[in-house]
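These notes are about the structure you will find just below.
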Amino acid sequence: MMYAAVHNLLGDRKGGAVFTCFGPWHLCYIAAILLTIAIVFAAVRRKGAESGRKAANIFLHIAAGLYAADFFLMPFAYGEIDIEKLPFHICTAMCVAAFLSVHTRFLAKYRIHIALLGFLSNLIYLVYPAGVMWYAVHPLSYRVIQTLLFHGMMTAYGFFAVWFDEKGLSWRTCWRELVTVVCMTLWALLGNTLYNGSADGYDHFFNWFFVVRDPFGLIDPAVSPYIMPFLNTAAFFAVEMLLYVLYFAGKRAARRKTRS
């Protein structure tokens with residue numbers, strides 16, 4: 001009886017409005033998340049960098065809590081635990097890596113680089129949440145709320161963690177962005193290698209971090225596994241370098257405003 005009640009609460013809602021990419025509900029979700037980031041940023045900027053770093057950690061822990069809780073709630077919502085939610089996609093992998101970078105020395109040196117990649121990947125999904133759109137569910141379904149809230153919190157964490165980092169980004173260490181993306185690519189390749197295949201009625205094909213197949217279908221599936229790992233790595237690194245340019249431009253503008 002309890003299972004049925006929770007399932008009715010969290011299960012996909014059909015009928016009425018349907019969540020669509022760039023539809024009114026999607027735009028409202030994006031606006032709410034960006035407005036939250038802007039309000040918190042305006043509040044903590046006056047208090048100093050330490051407050052900004054505390055805000056970043058709050059966003060990160062909310063995201064990590066949502067991710068962990070999802071594994072317990074998926075059986076109620078979907079009737080199963082979705083293997084694709086394992087941390088082999090860049091968004092979820094960066095959540096785990098960011099959490100470890102804050103709480104362990106092992107990844108502490110790469111904290112800002114993980115945060116930047118987490119910001120980029122989660123912002124991309126927030127803008128184009130195709131995985132949610134495919135299910136054609138009501139915009140207030142658990143699937144939609146959890147997914148967009150998680151990606152929104154990770155986007156916020158990445159922004160605050162990078163902007164308020166003690167040392168900040170530096171062109172001298174930009175090579176670490178490439179190392180981070182390469183490690184992500186290798187991690188995704190491991191996940192796809194381990195979980196893709198058929199045996200005893202088990203038949204799955206995942207495309208974590210899109211290193212197995214071109215999501216746009218422009219590259220021949222026969223050769224895409226040999227091209228996509230390099231293409232994805234180059235593309236993400238290039239966009240991160242663009243974010244470096246925007247970061248330094250933003251910092252210069254902030255300094256000018258402070259002086260005036």
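Bear in mind that the values here come from a model prediction, so they are computed numbers and not experimental data. Count residues from 1 along the sequence.
- Checked by atom type and distance alone, the side chain of T233 never pairs as donor or acceptor with a backbone atom of V181 at under 3.5 Å.
- Taking the six-membered ring wherever Trp is involved, the centroid distance between the rings of F71 and Y67 falls below 6.0 Å.
- In this structure, D165 and R53 have side chains that are not in contact, with every pair of non-hydrogen atoms separated by 4.5 Å or more.
- Aromatic ring centres of F159 and F41 lie closer together than 6.0 Å.
- Looking at every heavy atom in both residues, V162 comes nearest to I112 through CG2-O, 3.9 Å.
- Shown here for G191 and W208, the closest heavy-atom pair between the two residues is O-CZ3, 3.3 Å.
- Across all non-hydrogen atoms, the minimal contact from V127 to F22 is O-CE2, 3.3 Å.
- Checked against the 6.0 Å centroid threshold, F88 and F209 do not count as a close aromatic pair.
- A donor-acceptor pair is defined here as one N or O able to donate and one able to accept, closer than 3.5 Å; such a pair exists between the side chain of S170 and the backbone of R172.
- The closest donor-acceptor contact from the side chain of R111 to the backbone of V102 lies at 3.5 Å or more, if one exists at all.
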Stepwise, does the side-chain contact (heavy atoms from CB on, under 4.5 Å) test hold for Y244 with E177?
-> CA-CA 10 Å; Y244 264 61; E177 310 300 344; 2.6 Å; yes
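- H26 contributes a side-chain N or O that, together with a main-chain N or O of L126, makes up a donor-acceptor pair within less than 3.5 Å.
- In this structure, D82 and M74 approach most closely via the heavy-atom pair N-SD, 3.5 Å.
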